[in-house]
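Structure record follows, encoded as structure tokens.
Bear in mind that the values here come from a model prediction, so they are computed numbers and not experimental data. Excluded from the calculations below are hydrogen atoms, water molecules and symmetry mates; all remaining heavy atoms, backbone and side chain alike, are included. Numbered from 1 within each chain, the chains take letters A, B, ... in sequence-line order.
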Amino acid sequence: MTFDAAVVRKDFPIFETETRGKRLVYLDSANTSQKPRQVLDRITQFYETENANVHRAVYELSEKATAAYEGARAACARFIGAPAPRSVVFTRGTTESINLIRFTWARQNVREGDEILITEMEHHSNLIPWQLFVQETGSILRHLPIDDDGRLRTDLLEEYVTEKTKLVSLSLMSNVLGTINPVRTIADAAHAVGAKVLVDAAQAAPHLRFDVNDLDADFLAYSSHKMCGPTGAGVLWGREELLEEMPPFHGGGEMIREVWADRATWNEIPYKFEAGTPNLAQAVGMGAAVDYLEGLGMEAVREHELELTRYALERLESIGATIYGPRELHDRGGVVSFNVEGVHPHDMSTIVDQEGVCIRAGHHCAQPLMRRLGVPATARASFYIYNTPEDVDVLIEAVEKSKGWFA
Amino acid sequence: MTFDAAVVRKDFPIFETETRGKRLVYLDSANTSQKPRQVLDRITQFYETENANVHRAVYELSEKATAAYEGARAACARFIGAPAPRSVVFTRGTTESINLIRFTWARQNVREGDEILITEMEHHSNLIPWQLFVQETGSILRHLPIDDDGRLRTDLLEEYVTEKTKLVSLSLMSNVLGTINPVRTIADAAHAVGAKVLVDAAQAAPHLRFDVNDLDADFLAYSSHKMCGPTGAGVLWGREELLEEMPPFHGGGEMIREVWADRATWNEIPYKFEAGTPNLAQAVGMGAAVDYLEGLGMEAVREHELELTRYALERLESIGATIYGPRELHDRGGVVSFNVEGVHPHDMSTIVDQEGVCIRAGHHCAQPLMRRLGVPATARASFYIYNTPEDVDVLIEAVEKSKGWFA
Amino acid sequence: MVRVSLEDLYKEVILDHYRTPRNKGRLDPHDVLLERNNPLCGDEIELFLKFEGDDLQGISFDGKGCSISLASTSMMTEKVQGLSLEDARQVTESIKRMMAGEEEGDMNELGDLVSLKGVVKYPVRIKCALLGWNTLLEGLEEGKPAST
Amino acid sequence: MVRVSLEDLYKEVILDHYRTPRNKGRLDPHDVLLERNNPLCGDEIELFLKFEGDDLQGISFDGKGCSISLASTSMMTEKVQGLSLEDARQVTESIKRMMAGEEEGDMNELGDLVSLKGVVKYPVRIKCALLGWNTLLEGLEEGKPAST
Ligand SMILES: Cc1ncc(COP(=O)(O)O)c(C=O)c1O
Ligand SMILES: Cc1ncc(COP(=O)(O)O)c(C=O)c1O
């Protein structure tokens, strides 16, 4: 049971605009997604009928705002199978969620000589926080290698997950290779040595159905803007008992209980981690995005994207493009990185833009992975619910054109 | 030259709604402000015609998004007289801005035994970060006292600003007392001993015209949501040379320049401090809020609020309310904290809500100040551009009614 | 569902107990003294409990705060005084479920206390109404364990 | 303003230099060697400079990257070779102003280079077009000071 992408496309006002005088072929959803009317309307409705600060005030408007905000939290918890809304902390996005763990749980639990394990395919957002952390604490950062197909070398787990490992932080789906990682296998290995597992679900949440219990994750981060929601919102989910134990991150209003001049006590979770006025309307919009995606059905989303990916891989290979990442579709999402002999990806991106095609060119916030792949940059097309096979056709034609220029 | 608040009110869709079946009398703008159509439309327009990630992609849509985002930065810089847009870092709000300084500049520059000076009237957002900081570093937190009128004891500056003082962090305007603090005087004292000055302008930015050069501030923080802009956006302004020297805060995409597996170099300011996908639409909305306020004129805003404050103080005193904070209008903003004998502020707030009046009751995120004032809580009415003298009349009537219930 | 207007809630239930609190002041001797507060509104109470075997023989409170927190606590002391610890616990749980909107509130079990339900419409005030009850629940923990 | 289509820009200007770069390869001996890159696209260049008194006697480059960065650098070497350091600096500043949209670009001064202006319409690519020029500016700093 899938949906008609041409119909879904009508929910997204941006497709009523043109780019460079051409039909907009947006193939950069792994970077940020477009937003359906339903989400935009919900945000406007919030500001027009419910806007007030939450939790703190007694009047009806503030109660409405609080109900909307907490309702969004419940939706974001449900979406990832989290047992309780209180285990969901609202952040600005995945990057902030990961940094929050760096400044709280990790500071409390990872010491000099301890190891943090990430992978060779991580986004800078799941790499730089740990580089900084190990520099600050004298702990050690290790990288689980990938094979030439762009899959994690789980055969090396025994070597990389050791008694010293305190945290394994990895993406559920790669933003460059499209690989869907065997998080459960890795979590089992991590838990066997008492390490915790942080899952970067920035790419997975928009496209896959998953459940924090099945993954056996300890923390999980995802962003609103990549899944039809507004910018400026994201989630850090954590096991309740871990969140309870963690020190606060930012200090400020709302995260406190009692305050004296020189000390304070903390509010209960998740509020302990939400200092200051939260990103209210953005959280509400993220909740609406969850509702929208659940309305389509995440299985249907996945199926639709698999079809597009199959078609895109086939057509790209037929024009001789080099593909980075798994060629088979199993455990692979709708992100396709590629290069075409003789055309630098930046040139390609500029040229296909003339045909209305938005693709990304560059290092995709994964410079070490680019080095591993032996290329300075790649082009990348990524698919979402509003893309159609026609979009792939336009892409291929545009890529052919760019080849023509350099022929 | 002021404006007609009844006309301004029409810009704000929320005033087309009722609360508890009554005309909405919103007197909690110090908590969060309502939003004009102009700002909401700009946000929607962004999502509908310019939405893409910024800086990273080559195609036209991303260029539009980048132009919108950087245009907002320029507006937010201009609004506070900042010499260069690159000295403006976008954050979630004032609380995050202050915590950013705690985790970067302060860690680099404030050591064991050094002193940080705040004041007795600070919001928790400018108190808790420093409590946490001094606990982490062995430095010392001091509080400049206020007098019984709710003004800072600048006569004690010599005692409180010493050779040990490294940072003075204070609000330009109090969210409880309405006091506008003599920041320049304090900055001069701080600079004389080589300390830096961080200004919490959360309450000032929506209501006052000021200029970072005149204040001679080193850092300044303000929030979008209190000044007609969306939630989820704020600014940290800093002197360029200080921002250049500071280590980064969050690690992630966009804040880097070159990345290897074990190390990285940083992007130029302000991007060094903007890890991950920024709150794009919120920054753009904040820029639109700046444009909206500048359209009204900040002098006119101030004049309008002074008139309402004068009238409110007069009427509240006439019904025997106790006022906290300066009674005279000089150096005083449109925030009026008060209590009425025999009526707990929480009861009052619930009762006046029945009449459509939204006021705040509680500690206003300033528990130590409540102790200084000798009360567990106060009621607070705060005014903005859409409030009219009629709103004050409804408030007074509703307060009288609550008194009646408890008579 | 009974619809109580705010005015009725205050005038007919809250104000009576607020103005004339029952069991107010120190209880001596006592077995348990708990100080708890609700920092949001600055409500503070002290609760004194005296046990006699499995029964809550004596209860009193002191404190300051809004009318809802003080009236609710006053009503509570009237209700639970003399009950067995187990019964006091059950009443408390019933009140908490009623305030959470999970239960209508049983007139037979709760009597007058059912009128506190009017507070459910004002979610922020529920914490005020429950301050005394939550403190009692803690205090009962320290009493003799009910039938084990 | 001359409107150059992207296709014209590429086909008439960029591709020629991209396919047949001028002054490519190591220059020996040299006074200055600078390696610079544009991490966003992975462009990397090495720039070799040789001074003779106040003149830029020799210049060559090596590197890899997109066509705009390589072509722009190739055109640059043609333009500045043999100029005085001061003139080279001035040409570079003119190009930078032109790419910042501050100036139209003077045909007499810049010649062919004016066609690079087509890149202004593609803001992200401006960094590519300027990589060589910015590196040159740094390199000139290390040369003999121009008239002081
Ligand atoms: C004086 C003052 N400082 C800081 C803040 C915190 O601002 P925000 O909640 O937007 O982070 C506020 C408002 O809540 C305030 O009034
Ligand atoms: C795998 C992965 N992790 C983390 C991020 C960072 O997410 P955000 O920019 O929303 O913080 C991204 C997207 O940029 C991503 O693709």
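- Of all the listed residues (L141(B), V39(B), L61(B)), the one sharing the greatest number of non-hydrogen pairs under 4.5 Å with chain A is L61(B).
- The minimum heavy-atom distance linking M348(B) with S402(B) is given by the pair CG-OG, 3.7 Å.
- Of the two parts of R92(B), the backbone and the side chain both hold a non-hydrogen atom closer than 4.5 Å to a non-hydrogen atom of chain A.
- The candidate from E16(B), R263(B), Q282(B), H143(B) with the greatest count of non-hydrogen atom pairs under 4.5 Å with chain A is Q282(B).
- With a 4.5 angstrom heavy-atom cutoff, F103(B) touches chain A only via side-chain atoms.
- Heavy-atom distances place the side chain of Q131(A), and not its backbone, under 4.5 Å from chain B.
- E355(B) has no carboxylate O lying under 4.0 Å from a charged side-chain N of R20(B), or vice versa, which leaves the two without a salt bridge.
- For the pair R142(A)/I116(A), no side-chain contact is recorded, criterion being any heavy-atom separation below 4.5 Å from C-beta on.
- Ring centroids of Y26(A) and F12(A) are separated by 6.0 Å or more, keeping the two rings apart.
- Only the side chain of R107(A) comes within contact range of chain B, with at least one heavy atom under 4.5 Å from a heavy atom of that chain.
- Interface remark: of the candidates L127(A), D41(A), N99(A), I128(A), N99(A) forms the most heavy-atom pairs closer than 4.5 Å to chain B.
- Along residues 222-231 of chain A, the residues that come nearer than 4.5 angstrom to chain B, judged on non-hydrogen atoms, are H225(A), P230(A), T231(A) in order of number.
- Highest contact tally toward chain B, considering only T17(A), N51(A), D28(A), is held by N51(A) [criterion: heavy-atom pairs under 4.5 Å].
- With a 4.5 Å cut-off on non-hydrogen atoms, F133(A) does not touch chain B at all.
- Ranked by heavy-atom pairs under 4.5 Å with chain B, the list S125(A), A233(A), A275(A) is led by S125(A).
- Ranked by heavy-atom pairs shorter than 4.5 Å toward chain B, the options Q354(A), E258(A), M370(A) are led by E258(A).
- Contacts with chain A were tallied for L369(B), T49(B), D353(B); D353(B) has the most, counting heavy-atom pairs under 4.5 Å.
- Listed options N126(B), T44(B), I359(B), T277(B) were ranked by heavy-atom pairs under 4.5 angstrom with chain A; first place goes to T277(B).
- To the nearest 0.5 Å, atoms CE (M286(B)) and OH (Y69(B)) are separated by 11.0 Å.
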**Study point:** Full working for side-chain contact (heavy atoms from CB on, under 4.5 Å) between T19(B) and Y59(A)
**Key:** CA-CA 9 Å; T19(B) 186; Y59(A) 49 82; over 6 Å; no
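- The two residues W266(B) and R257(B) come nearest to each other via the heavy atoms O-CB, 3.6 Å.
- Taking chain B as the reference chain and counting heavy-atom pairs below 4.5 Å, the highest number among H250(A), E96(A), E50(A) is found for H250(A).
- The backbone N or O of I146(A) sits less than 3.5 Å from a side-chain atom of R372(A), completing a donor-acceptor pair.
- Contact check for L40(B) versus F46(A): no side-chain heavy atoms found under the 4.5 Å cut-off.
- In this structure, chain B has a heavy atom under 4.5 Å from the side chain of R102(A), while its backbone stays farther away.
- Options A202(B), C358(B), A366(B) differ in how many heavy-atom pairs under 4.5 Å they form with chain A, and the most are formed by C358(B).
- Between the side chains of Y386(B) and S29(B), at least one donor N or O lies within less than 3.5 Å of an accepting N or O.
- Both the backbone and the side chain of F249(B) come within contact range of chain A, each with at least one heavy atom under 4.5 Å from a heavy atom of that chain.
- In this structure, chain B has a heavy atom under 4.5 Å from the side chain of E63(A), while its backbone stays farther away.
- The two atoms that bring E254(A) and V54(A) nearest to each other are OE1-O, 4.5 Å, heavy atoms only.
- The minimum heavy-atom distance between P13(A) and D11(A), with the atom names listed, is CD-O, 3.2 Å.
- Under the 4.5 Å side-chain criterion, counting only non-hydrogen atoms from C-beta, R360(B) is not in contact with S349(B).
- Across every non-hydrogen atom of P368(B) and A261(A), the tightest pair is CG-N, 4.0 Å.
- Across D262(A), I256(A), T94(A), I118(A), the residue that shares the most heavy-atom pairs under 4.5 angstrom with chain B is D262(A).
- Taking the six-membered ring where the residue is Trp, the centroids of H363(A) and H124(A) are separated by under 6.0 Å.
- Here G232(B) is the residue among P278(B), G232(B), G356(B) with the most heavy-atom pairs under 4.5 Å with chain A.
- Contact of N53(A) with chain B is made through backbone and side chain together, with heavy-atom distances under 4.5 Å.
- Applying the salt bridge (Lys or Arg N to Asp or Glu O under 4.0 Å) test to pairs two or more places apart or on separate chains, those with a residue in residues 272-281 of chain B are R73(B)-E274(B).
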